[in-house]
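Supplied in structure tokens, the structure appears directly below.
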Amino acid sequence: MAGEKITTRAEDYSQWYLDIVNRAGLSENSAVRGCMVIKPNGYAIWERMQRALDRMFKETGHVNAYFPLFIPKSYLAKEEEMAEGFAKECAVVTHYRLKSVPGKGIEVDPEARLEEELIIRPTSETIIWNTYKNWIQSYRDLPLLINQWANVVRWEMRTRLFLRTAEFLWQEGHTAHATSEEAEEETRRMVEVYKQFAEDYMAMPVLVGPKSEGQKFPGAVYTLCIEAMMQDKKALQAGTSHFLGQNFAKAFDVKFQSAQGKQEFAWATSWGVSTRLIGGLIMTHSDDQGLVLPPRLAPTHVSIVPIGKNDEERKAVVEAAQKLKAAIQALPRDDFFGYEPIEVKIDTDFDKSPGFRFNEIELKGVPVRVEIGPKDLAQNACVIGRRDIPGKDGKLMGIPLAEAPARIDALLREIQKSLFNRAKAYRDASLHTCDSYAEFQERIEKEGGFFLCHWDGTRETEDKIAAETKATIRCIPFDRPAEPGICMVTGKPSKGRVVLARSY
RNA sequence: CGGGGCGUAGCUCAGCCUGGUAGAGCGCUUGGUUUGGGACCAAGAAGUCGCAGGUUCGAAUCCUGUCGCCCCGACCA
């Protein structure tokens, strides 16, 4: 396995993605169809994401709680649109006991059929609003701002590691408010939190805005999203925030008494991001050498590679590496790394050649690599390599060891910025304005990308475009120019441009 | 659920057409030599050939069934 190069993006983009996931040890397919095992290297990235997001949720007034995995089947039926949207992909629990059958092993005990079948949550609105009914009586109980970190199951027909799996990890925020305005504010606030997380931590530029009617969450009045462009120019829905109106309050009879003494239904939002973000992270930054991680989400920030031929040399370079590690970790901490120390690993695997070790570290996406060999030590220096410029090109030679910690600290911040800038330049270069449907059809096929086009706002036209081009309306960006025009398909009036793209 | 492909060592795969002792490369283990961009030598461990049945003196190989995986399509807030 080691020693082999990964498939290049130009050769086969899907295979490249799978190679990165495999070789960087992020996840693998499990014995259960459609379900992945998240391996330690992959889970460490998720933990970093969780930490940053959780802090942002707390800062906006939310608290965590936990609701059950199982949902009575009848709950799903209470909100009609949701039932319709999710019915086709629900796993159902029908029995609560097995029995041992001599000669046949273990079988489901037919005597142990559940009176009411349970579905495994595809999302938790129903069980949560059923609970909120008991929690909300007065306007003084509002707003209720709750988040949960959980797993959900959606029985997908075709799965891809991280991007679409039958079971995945996510967070789902579920809030209740006294007024429509407050709930809409919350919906907007949380999509902005997602944007900030995507751009500041993942270094992944996103478009922000509502989904079209055809693409919104079932049960929502409207859905806001962040939408990112991958390196193959396909779109990835990276996070969604839904304004649910009073749909769930009505379905579960959640009323409160207002200050004026009236009984009113509560207003709801829900919002979520998932382990899919890891797929987005990979496809935004990684290259043909392997994974590239933005420093703020990298589990290891710096790998030090001591180089030496014999015990005497090795002892000296390892000592220098340890001293450097201590000096880096003693740097003052700030918000950039969440007030945590810079993570430094020392790679003492002298049995492998230095070249092999450099390549392995690049493959794993570590942002900064430091090389310390006898030649460096002779002049009290080291070599610093940056992952965003792989190979020898990114090496800074002869950095004095005394200066190295400060240089590394600055470099990590620079890499974070440069990854974002590079991704944004790439995205912007493939963000086109297009007024002719014929031109759109040709370009979406030949070059791909995001296309800002006029659309008449109807479901029929959206469906027609999807059927003919496999492209969907990804987002109606908030910052689109207020520029009325005519729909490129039907010639009917359009209020402004929407973003069309093929997507994951 | 339709169309195509594939199940042989941890991984990638050859062997199957034309039945006759289970193979290679990588990885792994041990020992030695190496080490500044994917080192080398030697020895070694490792496989119910997806599963079940059938044909045959004899099946990885032929036949039937079955399970699983991958790709394309349908589906996907």
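Letters go in sequence order (proteins before strands), and every chain restarts at 1.
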May I ask you to decide if the ring planes of A:F252 and A:Y75 are parallel, tilted or perpendicular, using 30° and 60° as cut-offs?
perpendicular
Would you mind reading off the distance between A:L363 atom CG and B:G37 atom C1', rounded to a whole angstrom?
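Roughly 14 Å, once rounded to whole Å.
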Counting distance only, does the side-chain N/O of A:R387 pair as donor-acceptor with the main-chain N or O of A:V368 below 3.5 Å?
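A pair under 3.5 Å: no.
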Within the 4.0 Å heavy-atom criterion, would you say A:P122 contacts the bases, only the backbone, or no part of the nucleic acid?
nothing
Below 3.5 Å, does any donor atom in the side chain of A:R369 face an acceptor in the base of B:G37, or the other way round?
yes
Whole-Å C1' distance, B:U8 and B:G15
9 Å
OG/A:S418 to CD1/A:I389 distance, rounded to the nearest 0.5 angstrom?
7.0 Å
Are A:E213 and A:R459 within salt-bridge range, i.e. N to O under 4.0 Å?
no
Which of these nucleotides, B:G37, B:G38, B:C75, is closest to any side-chain atom of A:F358?
B:G37
Could you check how far CE of A:M36 sits from P of B:C69, rounded to whole Å?
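Rounding to the nearest Å, CE of A:M36 and P of B:C69 are 17 Å apart.
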d(CG, A:L161; P, B:C70) in whole Å
9 Å
Using every non-hydrogen atom in the two residues, find where A:K364 and A:A24 come nearest and quote the distance to one decimal.
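Nearest pair, atom of A:K364 first, then A:A24: CD-O, 3.9 Å.
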Donor-acceptor under 3.5 Å (A:R386 side chain, A:R369 main chain):
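No; judged by distance alone, with no hydrogens or angles, the pair does not exist.
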Reading RNA chain B from 5' onward, which residue's closest nucleotide shows up sooner: A:T240 or A:K375?
A:K375
Checking all strands, does A:G391 fall into the base, sugar-phosphate, or nothing category for heavy-atom contacts under 4.0 angstrom?
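Here A:G391 touches the bases of the nucleic acid.
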Counting only Watson-Crick pairs (N1-N3 plus N6-O4 or O6-N4) and G-U wobbles (N1-O2, O6-N3), all under 3.5 Å, who is the partner of B:C6?
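Partner of B:C6: B:G68.
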Of the candidate nucleotides B:U34, B:G38, B:C70, which contains the atom at the shortest distance from the side chain of A:N29?
B:C70
Could you state the atom-to-atom distance from CZ of A:F86 to P of B:C75 in whole Å?
17 Å
Quantified in whole Å, what is the C1' atom distance between nucleotide B:A52 and nucleotide B:G7?
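Their C1' atoms lie roughly 16 Å apart.
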Go through B:C76, B:C28, B:G36 for me and flag the one nearest to the A:K88 side chain.
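Output: B:C76.
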Mate of B:G73 where both pairing distances stay under 3.5 Å, Watson-Crick or G-U
B:C1
Not counting sequence neighbours, which residues clear side chain to side chain contact (heavy atoms under 4.5 Å, CB included) with A:A65? List them please.
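A:F67, A:I146.
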Examine the base of B:G36 for any acceptor or donor lying under 3.5 Å from a partner atom in the side chain of A:K395, and report the outcome as yes or no.
no
Does A:E362 reach a base, just sugar-phosphate, or nothing at all? Heavy atoms under 4.0 Å.
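A:E362: base contact, heavy atoms under 4.0 Å.
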Spacing of the P atoms in B:G47 and B:C11 (rounded, Å)
13 Å
Expressed in whole Å, how much space separates the C1' atoms belonging to B:U61 and B:U56?
13 Å
What is the base-pairing partner of B:A14, counting Watson-Crick and G-U wobble geometry with both distances under 3.5 Å?
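Across all strands, not a single nucleotide pairs with B:A14.
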Is A:R357 near enough to B:G37 that one of its side-chain N or O atoms lies under 4.0 angstrom from OP1 or OP2?
no
Could you walk me through whether A:E172 and A:Q148 pass the side-chain hydrogen bond (donor to acceptor under 3.5 Å, both in side chains) test, one step at a time?
CA-CA 5 Å; A:E172 46 181 326; A:Q148 88 163 342; 2.9 Å; yes
Spacing of A:K364 atom NZ relative to B:G38 atom P, expressed in whole Å
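Taking atom P of B:G38 as the reference, NZ of A:K364 is at 18 Å.
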When we call it a touch if two heavy atoms are under 4.0 Å apart, what does A:V383 touch: a base, just sugar-phosphate, or nothing?
base
Here the distance between atom C1' of B:G36 and atom CD of A:E313, to the nearest Å, is 11 Å
Where the side chain of A:P354 is concerned, which of B:G73, B:G36, B:G38 is the nearest nucleotide?
B:G36
At 4.0 Å (heavy atoms only), tell me whether A:G85 reaches a base, stays on the sugar-phosphate, or touches nothing.
nothing
Heavy atoms only, 4.0 Å cut-off, all strands: where does A:K352 land among base, sugar-phosphate and nothing?
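Contact class for A:K352: base.
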Between B:G38, B:A74, B:G36, spot the one nearest the side chain of A:M157, thanks.
B:A74
Nucleotide opposite B:U34 in a Watson-Crick or G-U pair, distances under 3.5 Å:
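Answer to the pairing question: none, since B:U34 forms no Watson-Crick or G-U pair.
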A:Y132 side-chain N/O to A:H174 backbone N/O, donor-acceptor pair under 3.5 Å:
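Checked: pair present.
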On a whole-Å scale, what distance lies between the P atoms belonging to B:G38 and B:G32?
25 Å
Could you please name the partner base of B:C28, counting Watson-Crick and G-U wobble pairs only when both distances are under 3.5 Å?
B:G44
Determine whether a donor-acceptor pair (N or O, by modelled atom type, separation under 3.5 Å) exists between the side chain of A:T461 and the backbone of A:G457.
no
Can you name the atoms? Protein N/O to nucleotides 31-33 of chain B N/O, anything below 3.5 Å, with the distance.
none

Taking B:G23 as the reference, what is the distance to B:A14 when you measure between their C1' atoms (whole Å, please)?
7 Å
Check the distance between B:G37's P and A:I389's CD1 and give it to me in whole angstrom.
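One finds 19 Å between P of B:G37 and CD1 of A:I389, rounded.
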B:G53 - base-pair partner by Watson-Crick or wobble geometry, distances under 3.5 Å:
B:C63
Let's see if you can work this out: which of B:C69, B:G36, B:A74 has an atom nearest to the side-chain heavy atoms of A:R33?
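Nearest to the side chain of A:R33 among the choices is B:C69.
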Whole-angstrom distance between B:C76 and B:C67, as gauged at atom C1'
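These two C1' atoms come out 26 Å apart once rounded.
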Could you tell me how far apart A:I399 (CD1) and B:G36 (P) are, to the nearest whole angstrom?
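My rounded result for the distance is 21 Å.
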